[in-house]
K.L.:
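Take this structure, written in structure tokens, and hold onto it; I'll ask about it next.
Worth knowing before you read on, the calculation uses all heavy atoms, side chains too, and leaves out hydrogens, waters and symmetry mates.
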Amino acid sequence: MPEWKTIFGRLTIESFPIHEPIILGTFAVVALLGAAIVAAITRYRLWGWLWREWFTSVDHKKIGIMYVILGIVMLVRGFGDAVMMRAQQAIAHGGAEGYLDAHHYDQIFTAHGTIMIFFVAIPLVVGIVNYVVPLQIGARDVAFPFLNNLSFWLTASGAVLTMVSLFVGEFARTGWLGYAPLSGLKYSPDTGVDYYLWSLQIAGIGTTLSAINMVATIVKLRAPGMTMMKMPVFCWTALCSNVLAVAIFPVLTAAFALLLLDRYVGTAFFTNEAGGSPMMYWNLVWMWGHPEVYVLILPAFGIYSEITSTFSGKPLFGYASMVYATVVITILSWLVWLHHFFTMGSGASVNAFFGIATMVIAIPTGAKVFNWLFTMYRGRIRYDLPMMWVVAFMLTFVVGGMTGVLLAVPAADFVLHNSLFLVAHFHNVIIGGVVFGLFAGIVYWFPKAFGFRLDPWWGAVGFWGWVVGYWIAWTPMYVAGLMGTTRRVRKFDDPDLQFWFVLAAIGVVIIAIGIFGFLMSIVMGIVRRDRLRDATGDPWGGRTLEWSTSSPPPAYNFAFTPVVHRLDAWYDMKGRGARAPQGGWRAIHMPRNTGTGVYLSALALVLGFAMVWYMWWLAAVAFAGLLAVGIGHTFVRDRDHHIPAEEVARIEAERLANTDG
């Protein structure tokens with residue numbers, strides 16, 4: 001073997017898609033955009049500022065913002081895959097092949113699901129939770145600030161490794177959950193599954209660490225007087241979501257580790273040969289996969305609860321029942337994963353148990369919907385953009401819930417399981433529940449993070465684009481599914497189906513307008529920030545503690561730790577005529593920034609890339625580097641600092657002046 005092949009493993013010139021015009025064009029656009037961004041940062045000498053203030057920051061607020069930025073960037077990439085799939089399906093009917101061959105289409109299909117769940121939904125949820133929860137519980141930061149920084153950069157490294165697969169080698173063609181035995185070495189000998197596994201292993205470790213951190217933060221760092229039953233509902237949903245994540249992500253990590261052993265070492269955990277079983281992989285993956293839906297949707301439920309209460313001008317109806325419903329959903333979410341296998345011959349008793357469990361989990365979810373409606377009842381509702389997202393959610397998500405109950409019936413699932421009806425149901429729940437909630441949360445807390453609101457006109461464009469586009473894009477898929485159209489297909493023999501796919505493609509175009517409107521609401525919000533500025537720190541008339549501090553909050557969040565007496569602590573304080581402290585400032589102890597998280601994540605990225613391409617020497621170097629940097633960090637003693645009392649006094653004086661002005 002030539003020496004260069006030994007050095008570069010299986011990476012050759014053929015690994016670069018120089019003969020693929022679509023991929024080559026995409027690479028050119030991405031390269032030009034990246035070069036322009038690098039040039040601009042260099043031109044304005046921002047590298048040092050970015051490194052000091054953002055990349056190495058352990059401030060939960062900045063880390064939360066970086067998570068959201070990552071999620072938005074990956075949303076554009078993942079939606080691009082969706083556009084390509086819908087365009088292919090709209091034209092490939094009655095013998096027409098379309099413009100994507102099966103090899104390329106299957107990669108896009110897999111990348112879309114992988115990116116949207118792991119690198120869009122999770123970062124956006126984690127980002128909003130990261131930003132808001134410490135403020136809502138009256139804490140100065142999370143329990144483990146360095147771990148927070150490391151969690152973000154591990155997630156970002158996983159996203160980068162996934163993006164690299166677009167231009168070097170190829171991505172998996174196995175579907176977004178990497179089903180065995182298709183993901184085994186026998187059927188997928190190329191780099192695709194390796195990219196998939198290593199990127200998700202790296203990002204999954206980051207998500208697990210973040211979940212542990214947030215559970216510890218909520219349990220241990222609440223303000224004096226804030227008992228568990230005085231926490232905002234969003235904190236409860238974040239707690240339950242992260243408890244679930246701590247429980248399920250190690251299961252996914254273990255499943256991927258066993259699959260990696262199958263591919264790299266030659267074991268047979270998930271093959272029919274040598275005593276293995278593909279069904280074991282499917283069980284492990286769905287033991288993660290279905291609770292993961294609730295990891296995402298529970299924080300969205302918390303967002304809807306905060307917004308409904310604020311914009312109805314009332315306390316949330318049935319607070320205790322909302323808490324109990326959240327806990328019940330958390331427990332029951334562990335008992336429903338096997339409804340994905342109703343067609344696998346598990347037997348009537350097993351199917352009946354999991355079918356009933358799936359129906360039962362709809363009860364606490366329905367209770368939440370009624371609580372939101374009763375909160376709105378006789379309230380002074382203000383239909384600002386966050387509240388519009390709530391109403392759109394309730395109208396959309398309920399349909400997804402009803403189709404979910406239908407699929408919980410094993411006999412009905414047997415007919416609909418492999419149809420586009422199921423795909424429409426999944427997107428109904430994720431878009432109508434999670435995505436709408438994330439946009440609502442971004443609009444709601446944006447002025448808290450940056451001190452000015454998003455542009456309302458472009459925000460409305462984004463809202464109507466998403467809502468109208470969703471219904472036009474996915475209602476035809478319900479119809480096509482009921483007609484028996486199967487999923488995971490790139491072309492269709494029946495030309496009569498084309499109408500439904502063309503209609504769905506029109507819906508995707510409208511969603512694209514919605515995404516553009518959302519992005520423009522940010523851009524124009526920045527352009528018009530003086531007109532949209534909020535000096536009060538409480539632009540919506542909020543009820544929870546994050547609205548009691550300035551917008552954006554100082555690094556330390558609160559000059560003095562608030563004392564909580566009732567639920568809706570900030571509303572209670574306003575009712576009591578509470579005033580901001582005028583003096584008595586003290587130095588505030590805070591964690592110090594560190595670049596260790598960046599170094600560790602960069603080395604993890606190199607390790608993952610080296611393992612994908614069988615560059616064993618580079619993998620060894622990267623692994624040794626991980627050990628060295630990790631051990632070296634344990635010897636660092638200078639991990640904190642104090643913000644002087646004079647600095648605190650200056651910041652608080654500016655805040656009071658702005659508020660009075």
Side-chain angles (χ1 to χ4, degrees), residues 117 121-122 124-133 136 211 214-215 218 228-229 231-245 290-312 314-334 336 358 360-376 386-402 404-405 426 428-445 543-544 567-568:
I117 295 297
I122 290 177
L124 289 176
V125 167
V126 173
I128 292 174
V129 168
N130 237 300
Y131 193 97
V132 174
V133 165
Q136 284 198 337
M214 198 52 59
V215 170
I218 295 172
M228 295 293 283
M229 293 306 288
M231 284 200 309
V233 168
F234 181 69
C235 293
W236 265 108
T237 59
L239 175 63
C240 290
S241 170
N242 283 284
V243 166
L244 256 184
H290 204 88
E292 167 64 11
V293 174
Y294 297 96
V295 169
L296 300 177
I297 198 70
L298 285 176
F301 286 165
I303 292 171
Y304 296 130
S305 298
E306 299 295 335
I307 292 173
T308 302
S309 177
T310 297
F311 287 90
S312 297
K314 290 172 58 181
L316 188 67
F317 180 88
Y319 170 85
S321 66
M322 290 290 265
V323 171
Y324 298 145
T326 302
V327 175
V328 169
I329 290 172
T330 304
I331 296 169
L332 288 178
S333 67
W334 265 106
V336 296
T358 306
V360 168
I361 204 170
I363 296 173
T365 306
K368 286 177 174 286
V369 174
F370 282 108
N371 281 355
W372 293 317
L373 290 172
F374 281 121
T375 302
M376 296 168 65
M387 193 64 188
M388 290 168 62
W389 281 111
V390 172
V391 175
F393 148 75
M394 285 194 282
L395 294 173
T396 305
F397 181 80
V398 167
V399 175
M402 290 190 294
V405 173
F426 177 77
N428 196 160
V429 172
I430 294 297
I431 295 176
V434 178
V435 175
F436 285 9
L438 293 172
F439 283 132
I442 291 171
V443 175
Y444 182 58
W445 281 300
R543 308 177 70 86
T544 44
L567 183 66
D568 288 347

K.L.:
Would you please classify the geometry between the Trp372 ring and the Tyr304 ring as parallel, tilted or perpendicular, with 30° and 60° separating the classes?
P.N.:
perpendicular
K.L.:
Give the minimum heavy-atom separation between Thr330 and Cys240, together with the two atoms involved.
P.N.:
OG1-CB, 3.1 Å
K.L.:
What I'd like to find out is whether the side chain of Leu244 reaches to under 4.5 Å of the side chain of Ser333, using heavy atoms alone.
P.N.:
yes
K.L.:
For a side-chain contact (heavy atoms from CB on, under 4.5 Å) with Leu239, tell me which candidate from Thr237, Asn242, Val243 qualifies.
P.N.:
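Of the listed residues Thr237, Asn242, Val243, the side-chain contact (heavy atoms from CB on, under 4.5 Å) partner of Leu239 is Val243.
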K.L.:
Say you draw a straight line from NZ of Lys314 to OG of Ser309; how long is it, rounded to the nearest 0.5 Å?
P.N.:
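Lys314 NZ to Ser309 OG: 9.0 Å, rounded to 0.5 Å.
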K.L.:
Roughly how far, to the nearest 0.5 Å, is the CG atom of Leu373 from the OG1 atom of Thr308?
P.N.:
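Thr308 atom OG1 to Leu373 atom CG measures 9.0 Å (nearest 0.5 Å).
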K.L.:
Which value, rounded to the nearest 0.5 Å, describes the distance between Met322 atom CE and Leu316 atom CG?
P.N.:
4.5 Å
K.L.:
Kindly indicate, with the supporting measurements, whether the criterion side-chain contact (heavy atoms from CB on, under 4.5 Å) is fulfilled by Ile218 and Met231.
P.N.:
CA-CA 9 Å; Ile218 295 172; Met231 284 200 309; 3.6 Å; yes
K.L.:
Less than 4.5 Å apart, any side-chain heavy atom of Phe301 and any of Val233?
P.N.:
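Of all side-chain heavy-atom pairs linking Val233 with Phe301, none is under 4.5 Å.
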K.L.:
Does the side chain of Thr544 pick up a donor-acceptor pair with the side chain of Asp568 at under 3.5 Å?
P.N.:
no
K.L.:
Give a yes or no on whether the backbone of Gly432 and the side-chain of Thr396 come within a donor-acceptor separation of less than 3.5 Å.
P.N.:
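Side chain of Thr396 to backbone of Gly432: no pair is present.
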K.L.:
Measuring from Leu298:CG to Phe234:CZ, what's the distance to the nearest 0.5 Å?
P.N.:
11.0 Å
K.L.:
Considering all heavy atoms of both residues, which atom of Val336 and which atom of His290 are nearest to each other, and what is their separation?
P.N.:
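Where Val336 meets His290 most closely, the heavy atoms are CG2-CD2, 3.2 Å.
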K.L.:
Specify the closest pair of heavy atoms between Ile122 and Leu296, including all atoms of both residues, with the distance to one decimal.
P.N.:
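Smallest interatomic distance, heavy atoms only, reads CG1-CD2, 3.9 Å.
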K.L.:
Does any donor atom in the side chain of Tyr319 or Trp236 lie under 3.5 Å from an acceptor atom in the other side chain?
P.N.:
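Note: Tyr319 and Trp236 side chains meet the donor-acceptor criterion.
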K.L.:
For a quick test of reading the model, state the closest non-hydrogen atom pair linking Tyr294 to Pro299 and the distance between them.
P.N.:
O-CD, 4.2 Å
K.L.:
Asn371 versus Ser321: any side-chain heavy-atom pair under 4.5 Å?
P.N.:
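They are in side-chain contact.
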K.L.:
Is the shortest side-chain heavy-atom distance between Ile297 and Phe397 below 4.5 Å?
P.N.:
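A side-chain contact under 4.5 Å exists here.
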K.L.:
Using the side-chain hydrogen bond (donor to acceptor under 3.5 Å, both in side chains) criterion, which residues pair with Trp389? Sequence neighbours excluded.
P.N.:
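Trp389 satisfies side-chain hydrogen bond (donor to acceptor under 3.5 Å, both in side chains) with no residue once adjacent residues are dropped.
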K.L.:
Between atom CZ of Arg543 and atom CD of Glu306, what is the distance when rounded to the nearest 0.5 Å?
P.N.:
10.0 Å
K.L.:
Quick one: CG on Leu438 to CD1 on Ile303, what's the gap to the nearest 0.5 Å?
P.N.:
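Nearest 0.5 Å value for the CG-CD1 distance: 5.5 Å.
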K.L.:
Residues two or more places apart in sequence or in another chain: which of them pass side-chain hydrogen bond (donor to acceptor under 3.5 Å, both in side chains) with Thr375?
P.N.:
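Scan of Thr375 (side-chain hydrogen bond (donor to acceptor under 3.5 Å, both in side chains), adjacent residues dropped) gives none.
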K.L.:
Measure from the ring center of Phe317 to the ring center of Phe374 and say whether it is less than 6.0 Å.
P.N.:
yes
K.L.:
Hey, are Tyr444 and Thr310 close enough side-chain-wise for a donor-acceptor pair under 3.5 Å?
P.N.:
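Yes, side-chain donor-acceptor contact under 3.5 Å.
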K.L.:
Which pairs would a plain distance check flag for residues 362-369, meaning a side-chain donor or acceptor within less than 3.5 Å of a matching protein atom at least two apart in sequence or in another chain?
P.N.:
from: Thr365; atom 1: OG1; to: Ile361; atom 2: O; distance (Å): 3.1
from: Lys368; atom 1: NZ; to: Thr326; atom 2: OG1; distance (Å): 2.6

